[in-house]
Trainee: 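Here you go, one structure.
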2 protein chains.
Amino acid sequence: MATHKTPPIDPLTLEVVDLIGTVVARYHEEYEDAASEHALTGAQARLLSLLSLEPLPMRRLAQKLKCEPSNVTGIVDRLEARGLVERRPDPADRRVKLAAATAEGLRVARSLRESLRFAREPLAGLSREERVVLRGLLTRMLSP
Amino acid sequence: MATHKTPPIDPLTLEVVDLIGTVVARYHEEYEDAASEHALTGAQARLLSLLSLEPLPMRRLAQKLKCEPSNVTGIVDRLEARGLVERRPDPADRRVKLAAATAEGLRVARSLRESLRFAREPLAGLSREERVVLRGLLTRMLSP
DNA sequence: TCTAATACTTCAGTAACTGAAACAACCATG
DNA sequence: CATGGTTGTTTCAGTTACTGAAGTATTAGA
């Protein structure tokens with residue numbers, strides 16, 4: 001009964017996968033909380049964070065957020081209605097609209113970043129050496 | 001200009017936080033993909049996974065999924081319409097409805113679990129010793 | 001028993017999302 | 001330089017997820 005098509009996954013790996021699941025859940029929870037403290041939804045917060053680095057065409061936003069462009073339209077609409085984002089014409093291509101964070105949008109994005117406690121607390125228990133090790137392991141995990 | 005209210009976060013920590021963000025993104029992507037391969041949304045997949053372990057009252061589902069009970073009603077409705085979940089009366093309390101995975105639901109849940117490649121691939125590059133170290137670090141990170 | 005709390009559903013209302021269709025602007029080819 | 005295909009954005013219809021308020025049972029407590 002222990003012989004299946006799927007190779008049996010060893011308990012250690014299962015445990016690590018489970019831990020990663022917990023990290024993911026915690027991360028999301030904190031992110032959503034931080035967003036809603038600023039009266040933003042998760043999707044709005046993600047988009048605004050992207051724009052806080054540089055203005056982007058709608059199409060690139062859709063690529064980065066892995067969704068359809070028609071979806072981005074709505075999210076930007078709502079952020080624009082609140083004065084956090086504005087649409088500018090792209091001088092190089094008149095088809096393109098660049099979404100850009102306004103001054104207020106930048107302020108909110110910064111505040112959002114700072115209230116993301118995940119950056120400080122969960123790593124607080126780790127020493128510098130441990131962080132280096134963790135960085136190495138995660139890097140190898142992510143770059144196949 | 002480098003003196004702010006927020007203590008400056010060192011580059012190493014930022015890097016690790018960024019890596020965690022990438023892990024979270026990758027995890028989510030794979031989870032959604034696996035779900036949609038089974039014609040399930042993410043929320044439906046999460047709920048069905050919970051029920052594949054044991055039947056649960058609607059209220060407990062809402063707690064586990066961190067959402068309102070009225071929301072669970074809809075998700076269970078849709079899963080029930082597809083024959084993956086059924087509602088049973090709780091013999092002990094006639095107010096309660098237990099949601100339970102059907103045989104077909106269990107089958108889908110198992111298949112979903114197996115197609116979650118995240119369990120194998122990203123850890124594939126790590127040796128046993130490294131997994132032990134990773135487990136330790138993640139555990140310390142999560143249990144403050 | 002009468003009342004308050006609990007479990008679930010129903011009903012607006014909003015946001016996120018998809019896919020198709022429309023429109024404008026770009027671009028390449030003949 | 002015309003024209004036809006491609007690209008970037010929006011609009012629209014339709015689905016799901018979600019909240020919060022009200023409504024209906026049922027249970028439990030004074």
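Letters A, B, ... are given to chains in the order of the sequence lines, protein chains preceding strands, and every chain is numbered from 1. Nothing here was measured: the structure is a model prediction, and the numbers come from that model.
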Trainee: Please work out which residues in residues 58-71 of chain B have a non-hydrogen atom less than 4.0 Å from an atom of DNA chain D and list them by number.
Mentor: C67(B), E68(B), S70(B), N71(B)
Trainee: Is it the case that the side chain of T102(A) and the backbone of G83(A) share a donor-acceptor pair, with hydrogens and angles ignored and the cut-off at 3.5 Å?
Mentor: yes
Trainee: Give every residue pair that meets the salt bridge (Lys or Arg N to Asp or Glu O under 4.0 Å) criterion with at least one member in residues 94-111 of chain A, sequence neighbours excluded.
Mentor: D93(A)-R95(A), E104(A)-R107(A)
Trainee: Under the side chain to side chain donor-acceptor pair (under 3.5 Å) rule, collect the residues that match up with E29(A), sequence neighbours excluded.
Mentor: none
Trainee: Answer yes or no: is there a donor N or O on one side and an acceptor on the other, between the side chain of S36(B) and the main chain of A39(B), under 3.5 Å?
Mentor: no
Trainee: Please state how far atom CG in D33(B) lies from atom P in dT18(C), giving the value in whole angstrom units.
Mentor: 12 Å
Trainee: Mind checking ring-ring contact (aromatic ring centres under 6.0 Å, His included) for H28(B) and listing every partner two or more places apart, or none if nothing turns up?
Mentor: H28(A)
Trainee: State which residues pass side chain to side chain donor-acceptor pair (under 3.5 Å) with N71(A); sequence neighbours excluded, sorted by chain then number.
Mentor: none
Trainee: Identify, with sequence neighbours excluded, every residue that meets side chain to side chain donor-acceptor pair (under 3.5 Å) alongside R82(B).
Mentor: none
Trainee: Whole angstroms only, please: what is the CD-P distance between Q44(B) and dC17(C)?
Mentor: 16 Å
Trainee: Could E86(B) and R88(B) be called an ion pair, given the rule that one side-chain N must be under 4.0 Å from one carboxylate O?
Mentor: yes
Trainee: How about R131(A) and T13(B): does a side-chain donor come under 3.5 Å of a side-chain acceptor?
Mentor: yes
Trainee: Between residues 87-97 of chain B and DNA chain C, which residues have a heavy-atom gap below 4.0 Å?
Mentor: R87(B), R95(B), V96(B), K97(B)
Trainee: Using a heavy-atom distance cut-off of less than 4.0 Å, which residues of residues 72-85 of chain B contact DNA chain C?
Mentor: T73(B)
Trainee: How would you give the extent of chain B contacts on DNA chain D, as first and last nucleotide 5' to 3' within a 4.0 Å heavy-atom cut-off?
Mentor: dT16(D) to dT27(D)
Trainee: Show me the pairs that pass salt bridge (Lys or Arg N to Asp or Glu O under 4.0 Å) and involve residues 47-64 of chain A, at least two apart or across chains.
Mentor: none
Trainee: Between atom CE of M141(A) and atom CG of L126(B), what is the distance when rounded to the nearest 0.5 Å?
Mentor: 7.0 Å
Trainee: Listed by chain and number, what are the side chain to side chain contact (heavy atoms under 4.5 Å, CB included) partners of A43(B), not counting sequence neighbours?
Mentor: T41(B), R46(B), I75(B)
Trainee: Applying salt bridge (Lys or Arg N to Asp or Glu O under 4.0 Å), name anything that partners R135(A), two or more places apart in sequence or on another chain.
Mentor: E15(B)
